[in-house]
2 protein chains.
Amino acid sequence: MLDDFSNVPSDCVMFNLRRAARMVSRRYEEALRPVGLRAGQFSILIALSQQPQVPLGALADGLGMERTTLTRNLRPMIRRGLLADSPDRNDARVRLLSLTDEGRALLKRASPLWQKAQEETFDRLPEALWPDTRQRLQALAG
Amino acid sequence: MLDDFSNVPSDCVMFNLRRAARMVSRRYEEALRPVGLRAGQFSILIALSQQPQVPLGALADGLGMERTTLTRNLRPMIRRGLLADSPDRNDARVRLLSLTDEGRALLKRASPLWQKAQEETFDRLPEALWPDTRQRLQALAG
DNA sequence: CCGGTAAATATGCATATGCACTTATCGAGT
DNA sequence: ACTCGATAAGTGCATATGCATATTTACCGG
């Protein structure tokens with residue numbers, strides 16, 4: 001008998017997650033285009049807005065991202081002046097990251113654009129389902 | 001008053017989707033490493049296993065991916081001999097894609113590895129929740 | 001047949017992703 | 001102080017992602 005993979009595309013968790021992430025990211029990036037932020041860059045700004053100084057590794061963990069990936073994702077943002085980094089005085093290995101004033105200002109401008117994308121997203125998935133859905137995504141990511 | 005973005009990381013659909021996609025993809029790629037397939041490559045093989053000949057654009061639509069992205073993702077797979085492409089006899093613009101015998105054989109070897117990754121995934125998200133979760137992801141991707 | 005518009009795909013550029021490996025630093029035990 | 005294992009971060013390589021733009025082909029109205 002022939003191999004039948006016909007159920008795999010819809011069953012595969014990885015495939016469905018990646019496709020949804022691609023499609024949703026494109027919509028958020030379209031919304032954020034006026035401020036010139038990519039989807040991942042917006043996430044980094046948000047993550048850094050929570051704390052004054054964050055070690056690179058801790059930030060990568062929070063984003064569920066390889067340290068080496070984050071290292072490179074930071075570059076265009078630092079070049080643009082949105083982020084600053086400084087060595088930890090107590091541990092010279094650690095690179096502490098922080099938002100600049102410019103980064104904070106841009107985040108403020110980006111916020112309503114994000115809000116709009118978020119609302120458009122909830123036109124597709126009823127917002128009441130989101131807390132539950134988020135929890136499932138976090139379980140998958142954990 | 002200061003801007004407070006403290007709710008954004010957990011609320012942002014885009015962020016949660018991307019993070020989950022990253023983490024889950026890494027686990028599938030680890031499982032698929034013995035056959036040397038990346039997560040997206042496995043998805044392409046599966047998608048092509050459904051039909052004998054698929055136009056590039058139609059495949060891209062099915063994957064929720066830009067045609068230009070797919071164009072390049074195909075390259076290493078064609079170079080490796082997993083896929084073949086030929087022009088459509090009725091429309092010289094169209095590139096028809098198909099699995100090679102080697103591609104089909106590799107998919108067969110990859111299948112149990114995928115199955116294992118899938119099962120590990122369901123250790124994190126109860127499988128009973130998957131049909132519903134999949135539907136939500138498809139709504140987000142649509 | 002010709003000209004113009006639409007469609008399918010490819011290219012240039014920039015960012016994103018992570019593994020294997022390397023470098024620098026820390027801290028504990030001697 | 002010294003060595004050594006552990007930890008934080010960076011590099012080289014390869015694939016992934018998509019927008020703006022270019023190229024080729026199709027099709028339709030004249």
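Comparing atom distances between the B:Thr71 side chain and each of C:dT25, C:dA10, D:dC19 picks out C:dA10 as nearest. Looking at the side chain of B:Arg93, the nearest of the listed nucleotides C:dT25, C:dA7, C:dC19 is C:dA7. Counting only heavy atoms from C-beta on, A:Thr69 has its side chain closest to C:dA16 among C:dA16, D:dC19, C:dC19. Nearest to the side chain of B:Arg95, among C:dA10, C:dT9, C:dT11, sits C:dA10. For A:Thr68, the side-chain atoms get nearest to D:dG10 when compared with the rest of C:dA7, D:dG10, C:dT17. Here the side chain of B:Met65 is nearest to one of D:dG18, C:dC26, C:dA16, namely D:dG18. The side chain of A:Arg72 sits closest to D:dG12 out of D:dA9, D:dG12, C:dA24.
Using a cutoff of 4.0 Å between basic side-chain nitrogens and carboxylate oxygens, B:Arg136 and A:Asp132 are scored as salt-bridged. The pair A:Asp88-A:Arg95 does not meet the salt-bridge criterion, since no charged nitrogen lies less than 4.0 angstrom from a carboxylate oxygen. Taking a cutoff of 4.0 Å between a charged side-chain nitrogen and a carboxylate oxygen, B:Glu102 and B:Arg80 do not qualify as a salt bridge. We find that B:Glu29 and B:Arg38 are joined by a salt bridge, their nearest charged nitrogen and carboxylate oxygen being less than 4.0 Å apart.
Counting to the nearest Å, the P atom of D:dT17 and the CZ atom of B:Arg38 are 9 Å from each other. Residue A:Asp85 contributes atom CG, which lies 14 Å from atom C1' of D:dA8 at whole-angstrom precision. In this structure, B:Leu59 places its CG atom 16 Å from C1' of C:dA10, rounding to the nearest Å. What separates CG of A:Leu56 from P of C:dA24 is a distance of 18 Å, to the nearest Å. Here the C1' atom of nucleotide C:dA16 and the CE atom of A:Met77 are 13 Å apart, to the nearest Å. For the pair A:Leu37 CG and C:dA16 P, the computed distance is 10 Å after rounding to whole Å. Note: CG (A:Asp88) to P (D:dA9) measures 9 Å, nearest angstrom. Taking atom CZ on A:Arg79 and atom C1' on C:dT15, their separation rounds to 9 Å, with Å as the unit.
Using a 4.0 Å cut-off, some side-chain N or O of A:Asn73 falls inside it from OP1 or OP2 of C:dA16.
Mapping A:Arg67 and A:Arg18 onto DNA chain D by nearest heavy atom places A:Arg67 at the nucleotide closer to the 5' end. The residue among A:Ala92 and A:Glu66 whose nearest nucleotide of DNA chain C lies closer to the 5′ end is A:Glu66. Nearest-nucleotide mapping onto DNA chain D: of B:Asp91 and A:Arg26, the residue sitting toward the 5' end is A:Arg26.
Relative orientation of the A:Phe122 and A:Trp130 rings is tilted, given thresholds of 30° and 60° on the angle between their planes.
As judged by a 4.0 angstrom heavy-atom cut-off over every strand, A:Gln41 is placed among residues touching the sugar-phosphate backbone only.
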